[in-house]
**Student:** 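Sharing a structure with you now.
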Amino acid sequence: MNISVSNHLPGAPARQPSREVLNVQGLSAGYGPVRVIHDLDLVVQSGERIGIVGLNGHGKSTLFYAIAGLTGWQRGSIKLNGREVGRTRSQGPGRYTHEIVRAGLALIPQGDEIFHGLTVEEHLDSGAYTATAWRDRAARKLRILEIFPPLRKLMDVPVGRLSGGERRMVSIGRGLMTDASLFLVDEPSLGLAPKIGKSVINALMAVKLGDAAMIIAEQNVALLEGRVDRVIGMHVGKLKGEASAALALNVYRKA
Amino acid sequence: MVELMLRRLSPSSGVEQGGTATLFSCSGISLDLGGREILREINLHVQAGEVLGIIGPNGAGKTSLFEILSGRMPPKSGTVWFKGENVTSLPLHSRSRLGIGRTFQTPVVPDELTVGETFKAARQAYRPFLTKFDAEYGADLVGLKISEDTPAMQLDTFNRRKLLLACLLMRRPSLLLLDEPAAGLINSEVDEIDKLLRMLAKEMDVAILIVEHRIELLGMIADRILVMDAGEVISEGLMDDVMADPKVHAAYFEDFSEEADA
Amino acid sequence: MSLDSGTKWRNPLFVWGGKRDVEELPTIPFRSHQEVWEGTRQSKTKLNPVGRLRYYHKWPGHGRTMWNRLRYWPTRRRVLRLRGEYNPKTLRAEKTIVDKRPIWWVLGLLALAIAPLFTPGDLQNTLLTAGATFGIYSAISLCWMLIMGTAGVFSLATYAVVGTAAFVTALLAVKFALPWWLLPPIGALVGLVFGGIIALPATRLDGFYYALLTLGLNELCRVYFITSKEFGSANGGLYGATTYVPEDWSQLGQLLLAYYACFGLMLLALLLYRFVNGRRLGRILRMAPEKREAFAEATGVNFRQARVWVFLISSAALGFIGGFYTSNFGGVAFSIFNFDTVLLGLAMLVIGGVGRAEGAVVGTLIVVFFDQVLNTWGPARFMIIGLIMLLVVLYLRNGLFGIKAQFRAWRDKKKSERRSTRAEKGGEMLPEEATETDDKSIIYQRRYDKMTRNHLKTLVSPEVIEEHRQSLNGQHSEALERLLIYFRTRPQVEKYAIMAVERFEGYRIVALSGHRGVAPRVVEDRIYSTPDEACHGVFMRRVQDLLES
Amino acid sequence: MDIWFIVSNTIVLACIYGTLAIGISITWSSLGLLNLSYGFIFAFAGYGAWLFAQNVSAWGPAVLAAGILAGALGGVIICAIGFIPIHDKPNFTIRGLIATLAINLIGTQFLLWWFGPRSKNLPDIFGNWSLSLPGAVFTADKVGNVVTSIVILAVVLRWMQSSRRGLEIRAMMMNPHAASIVGIGVRRTSFYVMGITGGLAGLAAVLLSQTYYISPFGGLMPMIKGVSIALCGGLGSVRGAVIAAIVLGLNEALTGMSIGGRYVLITQFVVIIAILLVRPRGIAGLLDKAREA
Amino acid sequence: AQPIILGIPYCQTAAAGVADHQDFLNGTTLAMEEINAAGGILGRPLKLFTTDMNVLSPESSKQALAACVDAKVDAISFAFTLVPLPAMDATVKYKCPYINGNAQRAGTSAVKAHPDKYNHIFQFCPSEVNYGWSYASWLEDEEQRGVWKPKNRKVHIIQEQIGYCQTISRAAQEAIKRRGKFEVARITDIQYPVQDWAPVIREMKEVDAAAIMVDHWVAAEYAAFCKQFVASPVRDSLVYLQYGPSQPEFLELAGSAANGFVWGTTMGIYGDERGLAYRQKYKKRFPGIAGLAYTGIAYDQTYYLKKAWEAVGDPRKFSEVCDWIRANPQRGVCGHVDMGNPYQEARHFPDNGGDELQAQKLEAGVAQLYVQIQGGEHKITYPGPVSETKLIAAPWWS
Ligand SMILES: Nc1ncnc2c1ncn2[C@@H]1O[C@H](COP(=O)(O)OP(=O)(O)OP(=O)(O)O)[C@@H](O)[C@H]1O
Ligand SMILES: Nc1ncnc2c1ncn2[C@@H]1O[C@H](COP(=O)(O)OP(=O)(O)OP(=O)(O)O)[C@@H](O)[C@H]1O
Ligand SMILES: [Mg+2]
Ligand SMILES: [Mg+2]
């Protein structure tokens with residue numbers, strides 16, 4: 001299947017042969033009686049950086065949560081690195097999330113999902129969940145500190161005391177501690193002063209993806225503008241207007 | 001005459017604003033939480049029938065300010081005046097008895113009661129107990145048309161907000177503190193809120209303090225706007241003046257054009 | 001379907017020599033929508049028998065008959081809450097009992113009242129003795145329920161209050177030979193004082209910490225009474241108080257008297273529960289459950305004060321029960337302060353369900369039955385009690401009496417989950433939803449809309465897209481024309497528009513918000529160089545939305 | 001000399017109490033579960049060690065290990081029955097409390113029925129010598145107790161502080177949702193935790209087998225003590241638990257010295273009540289709730 | 001034939017008393033099996049009706065006896081309950097013979113006070129007061145016998161707080177004072193559960209009394225005490241423990257540390273021929289260490305009832321059975337039980353001068369046994385007529 005490559009960044013490094021990192025088919029998800037995601041399909045290739053935009057409450061976070069298995073219930077298939085991680089029976093939220101995470105997902109959630117009692121350093125450590133990452137966590141932390149210099153002074157401060165912006169940095173830093181193959185970043189600039197927000201986005205753009213892929217959900221389209229490979233709109237639980245009708249058409253014809 | 005009396009009652013707070021006595025004011029409010037300075041020297045005042053809008057980016061301290069103004073949190077320093085009395089140390093329920101109504105950012109309802117029971121409980125919250133007619137008056141005012149037997153938990157966001165408002169309005173408060181009353185509402189519902197607030201302010205002389213992210217709503221109903229950022233008031237005045245303030249622009253309206261400049 | 005195998009469309013306007021007109025274009029055969037209509041009219045969604053089952057009895061008839069005249073004396077409350085409504089199908093006036101609990105209560109209490117008449121002869125002693133114990137303990141549980149459920153205070157000092165009152169009254173009774181009827185009121189006083197002491201920290205501490213504090217108090221009481229020379233008589237307790245059971249009655253007479261006296265005590269406790277929980281205090285406290293007091297506070301409720309009131313009232317009642325306990329057993333033993341006693345008491349509350357009177361009574365009934373009646377079973381009965389507790393706690397959210405609500409919640413959840421998985425792409429209205437919608441025409445609108453879209457989807461083809469790319473305006477082939485008409489009639493929300501940027505040098509696609517004052521949203525980052533390209537871009541997006549819908 | 005007696009007694013008692021409370025505190029801090037079946041685990045481990053000593057070997061360290069293993073097994077069982085099914089359900093804290101209570105009730109009755117009412121004795125773990133110091137004589141089990149519990153506590157604390165598992169355990173209670181996002185499986189970690197705290201209970205059971213002989217109800221007192229200390233120290237704070245253990249040990253030593261042993265329970269609860277009145281969330285408990293911003 | 005039913009409320013689930021009650025049930029079972037093997041009573045087999053009873057809880061005790069009444073038992077025989085009065089009250093209308101091994105004066109004085117109400121209630125063993133009263137005379141006798149040479153005249157009493165222990169302690173103080181040979185130097189209060197005996201032992205050393213009485217009731221804690229005491233003993237003191245060590249677990253728990261301690265019971269299996277034979281029999285039926293008190297008491301109680309029934313001829317004639325019991329004493333493996341007195345309680349031997357229930361001769365009463373642990377075994381050392389050996393020097397004596 002050929003996806004639109006027409007509008008990716010000029011001067012982006014030549015792609016390695018791309019591989020499907022994520023393949024979502026017919027995903028529906030919701031919380032109890034509410035259905036938030038409706039029959040959604042999404043394919044993400046390695047090396048891609050995708051933006052998802054949409055109004056408040058239209059299900060961007062829910063899509064991410066569904067991929068991580070954190071919604072109340074969900075149906076449909078989710079393949080992460082070719083491995084089926086979508087569970088179609090209703091499940092307790094979060095019951096299998098750690099397995100999905102270990103299969104190569106890094107979720108940087110929208111709310112501050114932090115451990116308020118841990119210090120910044122421990123917090124970053126907690127992101128290194130694989131054995132290799134744990135072993136060279138020192139080096140990785142240094143890398144994070146290069147991205148977020150303000151954290152340098154705060155390494156021993158409990159995260160619960162930090163300001164929203166600092167928490168956000170910690171939270172993103174935690175997500176970047178391992179080598180995941182899919183980064184889901186939910187509203188990185190939310191609750192941040194515009195300037196920090198921008199630097200966070202810059203940091204995300206600077207992450208070398210290699211074989212991995214990244215999806216960024218953001219309300220502020222201007223921040224993503226021209227810096228991601230494609231932008232997908234999200235409207236009442238459906239993806240909208242991916243700029244290649246041909247793809248959709250193909251999918252439709254095949255079905 | 002009344003103003004004179006008021007002034008005598010409250011020497012330090014009876015500031016006059018535009019010829020009418022201040023109904024509610026605060027001065028020098030500061031707050032520290034978890035070792036951080038959340039609010040710094042906030043002053044504000046409203047008079048009867050006035051709508052004061054408060055805007056500011058997330059985390060500016062708007063909700064924290066409301067917590068102090070309504071008595072759910074004590075300030076580190078500063079005083080709150082209502083009708084010429086110092087109410088700084090009164091808890092929320094006492095202030096509520098004086099006529100200060102407050103709503104919350106998240107639409108809270110009593111989970112275990114039905115709508116009818118909620119009204120009954122609110123009527124009997126303190127003496128004098130109100131009659132059924134007062135409750136109906138409150139419900140009519142906000143346009144709550146829900147069967148009495150519905151569990152309050154099953155209400156949707158709008159009706160939840162209405163339920164609290166009805167419970168407050170049946171005591172005929174003279175000041176309302178509204179924390180994001182339109183959050184999570186669709187446009188037609190926002191219009192309804194808009195109408196209600198206008199009526200309260202202009203016809204019933206209720207003073208309203210309102211925090212809201214929907215600028216268009218504020219623009220329609222607020223007499224004055226206060227802009228907060230990082231625990232401080234950075235601008236105050238009419239909507240248009242405030243909008244023109246570059247400081248406000250920098251703090252709150254980060255939009256495309258600026259992005260383009262950057 | 002390929003380009004050459006398709007049909008050709010001849011542009012009728014070509015002769016007018018439009019700038020970009022072409023004479024012939026490949027297109028696809030246009031299928032009549034009549035065909036589609038025929039094919040779609042039958043709903044293909046499998047219809048399951050759904051909808052709310054009216055399994056409750058409907059009383060026919062109208063008018064203010066018997067039920068509405070019956071009131072609880074001396075209040076003006078109706079005995080049963082009835083709701084009158086018209087049956088939408090038969091248009092008959094019907095009455096539904098909104099709250100059937102009074103009926104169950106009356107039946108249950110009647111059963112308890114006449115139970116002694118039906119005790120089998122060879123279990124009479126056992127059952128009546130256990131019945132009396134049940135009466136006392138259910139009264140205690142009810143008062144405890146007021147503290148735990150209504151006031152929301154996790155107090156474990158309940159038995160400490162009962163025990164203290166019982167010991168003090170027993171001491172007084174032994175010393176001053178007080179008559180038995182004085183003991184409960186004295187106990188109530190003791191309870192009030194005790195309650196006053198422990199009410200103070202209740203406003204400061206929360207949750208487990210208060211539980212620990214009260215557990216500590218309980219332990220203190222136990223140690224104090226055991227070690228105190230006054231109370232610590234060699235009887236394993238303090239005995240010798242006068243009881244209300246006359247010595248010279250027959251065994252059966254004594255047992256029956258004790259049974260009915262304890263039953264009466266339970267009724268008193270129930271009345272108190274009703275009075276506190278069902279009236280103002282209970283309402284305002286239920287309005288302010290722990291950690292969610294905001295609503296109540298905002299309406300001016302002083303919930304702390306209310307909590308202390310409930311605490312005091314129930315402590316006094318517990319003291320009263322303590323006094324009664326003494327006059328029932330002729331004294332009291334230290335075991336009332338034992339950890340086990342507290343635990344079994346807790347089990348009584350939890351099994352029935354915290355926060356409801358019937359929970360307290362039935363929970364007590366179950367525990368007392370196993371603990372006392374089945375005492376020939378030995379250790380097995382405690383394992384059964386433990387197992388019941390465990391199962392209740394593992395599977396039930398709020399005890400046995402929460403089953404109904406939990407089942408309903410579970411059913412609704414399952415229903416809506418299934419409903420949402422059954423939903424076809426395109427969102428025809430679902431059967432359940434359909435039965436609940438007032439405006440039935442919406443169902444047909446949606447069905448029609450879906451049919452239209454299904455039809456239109458078959459019209460999208462590379463040929464049609466190509467045609468649109470070539471000629472945006474003017475006369476189009478049948479297929480394209482149908483598509484465009486459909487797109488034009490879409491509502492305003494999320495409708496696409498083209499925005500010119502930077503002095504008309506670039507064009508981008510935005511989506512209208514559909515609301516005045518809300519800025520359009522940019523939907524993609526692509527910038528088109530000509531309006532035509534942008535126009536086609538919009539078309540492509542719409543086509544894609546259509547295909548995705 | 002009196003001072004020395006008090007100090008030494010305090011140390012002994014603090015070690016005992018610390019060993020008792022630490023498991024409860026850790027369980028709370030990572031699972032959010034107030035484990036009231038601790039008493040059952042305690043007795044269960046004791047019987048495990050006893051069976052081992054009877055049937056396999058009575059060599060001290062082996063018995064100790066058997067007790068720890070049995071305790072860990074008990075913890076895992078509790079976890080499987082009382083934690084896993086309800087940990088993500090509404091009202092979990094209170095339901096978990098009652099569930100563990102119920103398990104405790106069933107378990108102790110089962111032990112009573114199976115092993116009979118007579119207390120059991122473990123072989124001397126640390127031999128049978130005693131150490132005479134000015135002011136006090138220490139029997140082998142006391143010295144062994146103190147040394148072992150200090151070592152184990154230090155190891156556990158160190159492990160909690162600096163290993164990945166320890167980090168997971170600490171992180172899990174603070175935010176189970178976030179924990180799953182960083183790859184911490186709540187269920188798996190809870191098994192670890194319950195295994196470890198069960199093992200600690202087993203350790204305590206074996207160490208204290210000279211005082212709290214192994215009997216079906218023998219775990220009740222240690223549990224009440226442990227819960228009191230854990231709560232008093234501030235639920236979830238290991239440091240607080242240690243402080244509380246020292247405070248209560250000191251209190252007990254002082255009470256025993258000055259006004260007599262019979263007042264120990266009274267003064268103990270008076271001290272606890274006083275502490276709670278002054279610090280409503282325990283010694284090291286967080287005074288304000290975590291902010292939700 | 002229709003069986004004769006003997007009601008046995010026994011404690012199976014509570015935190016206290018289970019071990020004694022287990023002993024009691026075993027003793028009764030043994031007697032029942034023997035009786036039934038020998039053809040039963042009056043040609044009818046004997047059957048036990050058992051029910052659980054929490055000895056700490058009045059509700060449960062009442063309930064257990066109510067269950068016995070419902071089962072229409074012909075007699076009730078049980079070990080003890082700590083709340084005797086409610087239990088007694090539950091049978092006052094039924095009035096079947098009610099024999100228990102409750103060594104509590106509180107119960108028997110109620111019998112004395114209300115003879116009409118409680119005339120069916122018999123206490124098979126002498127009351128706990130005798131522990132205290134006899135203690136003083138025992139000390140004097142031991143001093144005379146000469147093995148123990150008191151280093152001073154001091155007695156140190158360690159007392160637990162429950163009523164039972166308090167009563168004993170009071171009786172001991174009273175007797176010591178009355179006799180005047182020794183003096184109470186100090187009374188130390190302890191409280192169950194005792195986790196650490198160190199402060200107590202420390203106080204013992206401080207007082208350094210010639211005789212130490214540890215008035216407690218929990219076997220396991222006694223064992224812990226022995227271990228700690230042996231590690232740093234009070235030199236040359238005669239240490240007396242209460243009834244607790246009679247429980248089988250004591251020896252297991254304390255091991256060799258128990259050697260040299262003395263304990264007592266107001267009623268226990270004698271060390272004479274009959275007693276030893278009974279012990280053998282019991283051991284054969286219930287292997288393992290046997291308890292020394294309730295195993296025998298239960299056996300004797302059952303045989304006593306058997307004799308009464310056989311004499312009266314109809315177990316349902318409750319008052320006649322009770323009359324027979326009052327009139328006819330019995331000599332069993334635990335001594336001579338004579339309950340024909342207003343307390344309806346067995347007489348106590350040796351005479352300690354405490355009350356009117358003292359027997360002058362061994363043949364007229366139940367001997368209180370003083371047992372010393374010698375070489376890991378219980379040996380009856382006092383009173384003379386039933387003693388197996390003499391008191392020997394404890395390991396900590398010089
Ligand atoms: N835990 C939940 N339970 C019930 N409904 C939920 C829950 N979380 C989200 N929703 C609902 O799901 C819908 C989609 O929410 P979601 O957070 O996914 O939107 P979003 O696009 O991320 O919005 P935002 O831009 O505000 O982050 C909303 O209507 C919301 O009310
Ligand atoms: N308990 C607390 N401890 C420490 N900091 C706190 C605490 N509560 C609030 N804050 C901080 O105070 C600041 C103001 O919070 P507040 O909720 O008042 O913001 P707001 O203006 O209402 O934002 P929003 O628009 O998102 O509602 C935030 O930065 C928040 O992090
Ligand atoms: Mg979101
Ligand atoms: Mg806010």
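Residue numbering restarts at 1 for every chain, and letters A, B, ... go by the order of the sequence lines.
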**Student:** Please state whether the side chain, the backbone, both or neither of E:Ala257 comes within less than 4.5 Å of a heavy atom of chain D.
**Tutor:**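 E:Ala257 has no heavy atom closer than 4.5 Å to chain D.
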**Student:** Does any backbone or side-chain atom of E:Leu253 lie under 4.5 Å from a heavy atom of chain D? Answer side chain, backbone, both or neither.
**Tutor:** both
**Student:** Run the side-chain hydrogen bond (donor to acceptor under 3.5 Å, both in side chains) test against E:Asp52 and tell me which residues pass, sequence neighbours left out.
**Tutor:** C:Arg381, E:Thr13
**Student:** Quick one: pull up CZ in E:Phe250 and OG in D:Ser119 and give me the separation to the nearest 0.5 Å.
**Tutor:** 12.0 Å
**Student:** With a 4.5 Å cut-off on heavy-atom pairs, point out which of E:Ala220, E:Ala198, E:Pro199 contacts chain D the most.
**Tutor:** E:Ala220
**Student:** Checking heavy atoms, do the side chain of E:Asp23, its backbone, both or neither come under 4.5 Å from chain D?
**Tutor:** side chain
**Student:** So does E:Phe24 get a backbone contact from the side chain of E:Thr28, meaning a donor-acceptor N/O pair under 3.5 Å?
**Tutor:**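 Side chain of E:Thr28 to backbone of E:Phe24: a pair is present.
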**Student:** Please identify each residue that fulfils side chain to side chain contact (heavy atoms under 4.5 Å, CB included) with D:Ala66, with sequence neighbours left out.
**Tutor:** D:Phe52
**Student:** Examine whether an atom of E:Gln247 lies under 4.5 Å from a heavy atom of chain D, and if so say whether it belongs to the side chain, the backbone or both; otherwise answer neither.
**Tutor:** neither
**Student:** Taking the basic N atoms (NZ, or NE/NH1/NH2) and the acidic carboxylate oxygens, is any pair closer than 4.0 Å for E:Arg170 and E:Asp215?
**Tutor:**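 Result for this pair is no, no salt bridge flagged.
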**Student:** Most heavy-atom pairs under 4.5 angstrom with chain D, which of E:Ala254, E:Ala19, E:Pro248?
**Tutor:**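 Option with the greatest count: E:Pro248.
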